Amino acid sequence: METTTTTSPSAAATTTDNPGSLHSVEMNPRHHILNRAFALIYLFAILVLFYYHILNLLHSTNSFITFSISFSILISDLILAFMWTTIQSFRMRPLTRQQYPQKITKNFNNEINNFPALDIFICTADPYKEPPLNVVNTALSVMAYDYNPEKISIYVSDDGGSELTLFAFMEAAKFAAYWLPFCRENKIIQRSPDAYFNSNYTENSETKTIKLMYENMKKRIEEVIERGKVDEDYINNEEELQAFTKYWTLGFTRHNHPSIIQVLLESGKDKDMTSHGMPNLIYFSREKNKSSPHHFKAGALNALLRVSGIMTNAPIILTLDCDMYSNDPSTPQRALCYFLDPKLRPNLAYVQFPQTFHGLNEADIYANEIKALFFTNPMGMDGLNGPNYVGTGCFFHRRAFFGTPSSFEQPEIPELFPDHIVNKPIKAQEILRRAHYVASCNYESESNWGSKMGFRYGSLVEDYYTGYRLQCEGWKSVFCNPKRPAFLGDKPISLYDVVSQNKRWNVGLLEVSLSKYSPLTFGVQSMGLVMAHCYSHYAFSPIWSIPLTLYAFIPQLTLLNGVTIFPKVSDSWFFLYVFMFLGAYGQDCLVFMSNEGTFKRWWSDQRMWMIRGLTSHLFGTIEYLTKYLGISTQGFNVTSKVVDNDQGKRYHQGIFDFGVVSPMFVILATTSIINLVAFLKSLAQIFKGDQNLDGIFIQMFIAGFVVINCLPIYEAMVLRSDKGRMPTRVTIFSTFLACTLYMAFAFLLGNM
Ligand SMILES: O=c1ccn([C@@H]2O[C@H](COP(=O)(O)OP(=O)(O)O[C@H]3O[C@H](CO)[C@@H](O)[C@H](O)[C@H]3O)[C@@H](O)[C@H]2O)c(=O)[nH]1
Ligand SMILES: [Mn+2]
């Protein structure tokens with residue numbers, strides 16, 4: 001297809017036509033027209049469908065139960081139609097962008113030293129779920145950016161308050177003195193040591209030496225983790241000893257401890273092995289006590305904003321999760337292509353890179369890629385006001401955390417103003433004293449932090465919520481998706497971890513959709529209908545659970561009882577159903593495949609959509625309700641990044657990992673049983689001549705489609721004996737539940 005380069009209003013002066021520009025946009029207007037034309041046709045079909053539903057309901061002379069069945073299908077279709085409407089916003093004006101980082105040095109008189117300073121925040125929360133060695137690898141990969149190291153400051157926020165993590169970083173600081181010059185001098189692209197040593201690098205005496213050093217550091221870190229404490233024989237000097245004895249005193253727990261700030265490398269003072277400068281490296285753990293809310297990651301990020309404000313106050317900030325290492329050392333320059341554009345700069349809050357994961361299996365069985373969330377939808381939003389913030393791999397303009405583009409929200413102390421210039425060394429007494437002060441539990445009480453300033457509180461998806469609120473204030477963002485992924489992260493590799501992570505997101509999304517800042521009300525007013533629809537699509541994703549659950553049970557349970565609920569094949573309404581199914585699935589598949597997708601991965605993606613509907617969305621909604629009613633107080637359950645060997649092997653082979661007794665799996669197993677029985681029973685009846693395919697085709701098709709999607713579940717229930725199989729208790733309980741449902745329906749439909 002032909003690609004026309006057109007100008008987007010948000011980047012009016014920066015097209016490929018302008019040779020000096022740092023970036024360009026590409027759009028395909030023909031694509032947009034096709035999308036909109038199809039949307040119109042599909043919209044017409046939706047209206048016809050509802051006409052059909054209403055006719056049906058009006059003419060239904062049947063009992064209350066059949067009315068309820070028709071009504072529940074109507075509700076399902078209404079929700080599906082609503083979600084369809086919100087998806088259209090992403091398809092209105094998608095665009096792709098190019099950056100020209102090589103041109104950037106010209107803006108700085110060829111002086112890389114003149115680049116703006118960069119504060120990098122790395123969040124970690126639990127040394128047992130997030131191995132410190134991995135956090136160290138992430139930190140090293142960004143410390144080695146192709147950037148003046150003395151302009152970079154790395155802040156590691158440890159919400160686990162763990163001496164094990166501090167120890168790992170003490171080791172990392174020493175290793176960095178070798179690793180940074182090694183990368184620079186050999187022009188290494190892969191700057192996470194672990195990823196580098198796992199790649200096809202050329203072996204020579206230099207790489208052998210550096211590998212040995214890395215292995216040495218790894219061994220020490222892992223030994224300390226194994227012991228669970230930092231013994232004296234692992235401590236190198238008095239300064240290190242002091243750090244441990246000063247903070248980890250009696251009564252120290254991860255939920256109750258003073259703020260810890262340990263400067264491990266000081267740029268300007270510390271030099272690497274070739275006498276080049278090094279970045280600042282700061283280990284930080286904010287104060288915690290049981291009586292002050294800590295707001296999970298959002299709270300950690302706000303503490304980081306303030307502490308970094310006091311210590312270095314760089315105008316540009318990069319937020320990273322501890323598992324997202326840099327995969328490309330030129331990434332900051334790419335982000336600068338936007339921040340340095342005088343046309344964009346006044347309103348530009350952030351430049352978001354996609355979340356990409358390493359080591360996905362071929363079919364990406366858990367759809368960890370989440371292509372819509374991380375790639376296609378952001379491209380769509382990029383043509384509007386810009387993508388949502390996804391929590392990691394995002395460069396911010398510090399000013400965006402202090403009010404709207406036109407009105408400045410003053411922080412409490414002048415040292416936190418985004419334009420304040422720090423003129424003291426980071427280890428100066430006064431700086432450290434102030435940094436501890438802004439890291440204290442009480443600092444935020446009765447302040448605007450979390451409401452009008454910084455990262456926003458009130459949702460477990462602080463990333464989504466913060467990006468949303470910033471855009472409501474009039475800030476714009478940019479989606480930067482270079483060919484070589486800028487960051488690579490870990491993904492959960494068991495189904496339970498995947499759906500639990502997703503369940504947490506659903507709770508967080510409901511906290512936004514049902515708040516006074518709901519995208520459907522507040523959002524529409526502040527950012528316009530189309531952008532608000534994009535945000536609504538996510539905020540309301542928990543309601544996918546309603547049509548998905550109903551469609552997983554109603555057509556099948558009625559089918560089992562010989563009740564027809566959809567038009568017959570011979571009926572002309574049948575074609576409406578065919579069109580709607582093929583139209584929706586076909587377009588979804590096309591969009592997926594045209595963004596470097598494979599059919600296999602698309603299949604996994606649509607399967608996980610069904611699975612999430614019955615698990616994460618459903619149970620997320622229940623959890624939200626219990627939290628709302630004060631029955632439970634579930635917080636931010638950190639996703640484990642530890643790979644169990646067996647699990648890793650199964651994942652690699654593309655085998656689903658169940659293994660846990662969970663109500664979420666009970667629903668899945670029950671669905672798979674009911675659909676299979678319904679499908680087989682009606683098939684048998686057709687062969688015997690007791691049933692006519694004409695009337696039950698759609699119901700059989702749905703059951704059959706679910707059955708194909710459930711193949712891994714049957715395998716896990718019946719054929720497997722490994723640890724990842726479906727636990728027998730779940731299978732037995734689900735069989736029992738399926739029978740009960742069957743009997744209840746038979747009773748209601750009068751077949752008993
Ligand atoms: O109290 C907490 C809880 C978590 N984290 C950190 O937050 C990050 C994300 O946690 P993770 O368990 O990996 O959650 P995911 O669901 O994988 O993360 C996605 O969803 C989160 C919101 O739910 C976003 O914050 C993330 O950026 C986004 O990648 C990790 O670095 C954690 O260390 C904290 O710093 N403090
Ligand atoms: Mn994560």
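All values derive from a computational prediction rather than experimental measurement. Start at 1 and go down the list; that is how both ligands and their atoms are numbered.
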Inset, instruction - Taking only Lys NZ, Arg NE, NH1 and NH2, and the carboxylate oxygens of Asp or Glu, determine whether D159 and R254 approach each other closer than 4.0 Å. - result: no
Legend entry - Identity of the nearest option to atom 17 (O) of ligand 1, non-hydrogen atoms only, from H295, Q501, K129: Q501
Inset, instruction - May I ask you to check if ligand 1 and A300 share an N or O to N or O distance below 3.5 Å? - result: no
Inset, instruction - With heavy atoms of V638 as the reference, note each atom of ligand 1 found under 4.0 Å away. - result: 3 (C), 4 (C), 12 (O)
Inset, instruction - Taking only Lys NZ, Arg NE, NH1 and NH2, and the carboxylate oxygens of Asp or Glu, determine whether E462 and R469 approach each other closer than 4.0 Å. - result: no
Legend entry - Protein heavy-atom partner closest to atom 32 (C) of ligand 1 - residue, atom, separation in Å: E130 OE2, 3.3 Å
Inset, instruction - Report the nearest protein non-hydrogen atom to atom 12 (O) of ligand 1: residue, atom name, distance rounded to 0.1 Å. - result: T639 N, 2.7 Å
Legend entry - V390 heavy atom under 4.0 Å from ligand 1: yes
Legend entry - K641 heavy atom under 4.0 Å from ligand 1: yes
Inset, instruction - Please report which non-hydrogen protein atom sits nearest to atom 23 (O) of ligand 1, along with the residue it belongs to and the distance in Å to one decimal place. - result: R504 NH1, 2.9 Å
Inset, instruction - State plainly whether the residues R97 and D382 are in salt-bridge range, i.e. N to O under 4.0 Å. - result: yes
Legend entry - For G391, the ligand 1 atoms whose distance to one of its heavy atoms is below 4.0 Å: 27 (O)
Legend entry - Short N or O distance, D159 and ligand 1, threshold 3.5 Å exclusive: yes
Inset, instruction - Salt-bridge test for K641 and D490: reply yes if a basic N is under 4.0 Å from a carboxylate O, no otherwise. - result: no
Inset, instruction - Let me know which of T165, T124, T639 forms a side chain to side chain donor-acceptor pair (under 3.5 Å) with E130. - result: T124
Inset, instruction - Taking the side chain as every heavy atom from C-beta outward, state whether L166 and F244 have any pair of such atoms under 4.5 Å apart. - result: yes
Legend entry - CA sep, side-chain torsions, deciding dist, call: F90, H533, ring-ring contact (aromatic ring centres under 6.0 Å, His included): CA-CA 9 Å; F90 298 113; H533 260 179; 9.8 Å; no
Legend entry - Shortest protein heavy-atom distance from atom 18 (O) of ligand 1, along with the residue and atom involved: D321 OD2, 4.0 Å
Inset, instruction - Please verify whether a non-hydrogen atom of Q355 lies at under 4.0 Å from ligand 1. - result: yes
Legend entry - Nearest non-hydrogen protein atom, atom 31 (O) of ligand 1: C123 O, 2.7 Å
Inset, instruction - List the closest protein heavy-atom neighbour of atom 7 (O) of ligand 1: residue, atom name, distance to the nearest 0.1 Å. - result: K297 CD, 3.1 Å
Inset, instruction - Answer with yes or no whether S157 contacts ligand 1, where contact means a heavy atom under 4.0 Å from a ligand atom. - result: no
Inset, instruction - Check the side chains of R612 and S541 for a donor-acceptor pair under 3.5 angstrom, ignoring hydrogens and angles. - result: no
Inset, instruction - Measure F636 to ligand 1 on non-hydrogen atoms and call it side chain, backbone, both or neither using the 4.0 Å cut-off. - result: side chain
Inset, instruction - List the steps and the verdict of ring-ring contact (aromatic ring centres under 6.0 Å, His included) for F479 and F353. - result: CA-CA 6 Å; F479 183 54; F353 287 78; 8.5 Å; no
Inset, instruction - Quick one: look up the protein heavy atom nearest atom 20 (O) of ligand 1 and list residue, atom name and how far away it is. - result: W505 NE1, 3.2 Å
Legend entry - is_close_aromatic(Y443, Y437), centroid dist under 6.0 Å: yes
Legend entry - Numbered atoms of ligand 1 (with element) below 4.0 Å of C322, judged on heavy atoms: 31 (O)
Inset, instruction - List the closest protein heavy-atom neighbour of atom 25 (O) of ligand 1: residue, atom name, distance to the nearest 0.1 Å. - result: E462 OE2, 2.5 Å
Legend entry - Per-atom contacts of ligand 1 with L460, taking only distances under 4.0 Å to non-hydrogen atoms: 22 (C), 23 (O)
Inset, instruction - Could you tell me whether D364 and K491 make a salt bridge, using a distance below 4.0 angstrom between a side-chain N and a carboxylate O? - result: no
Legend entry - Polar proximity ligand 1 side, H294 side, N/O cut 3.5 Å exclusive: no
Inset, instruction - Assess the pair Y517 and Y535: is the distance between their ring centroids shorter than 6.0 Å? - result: no
Legend entry - K627/E511 ion pair, N-O < 4.0 Å: yes
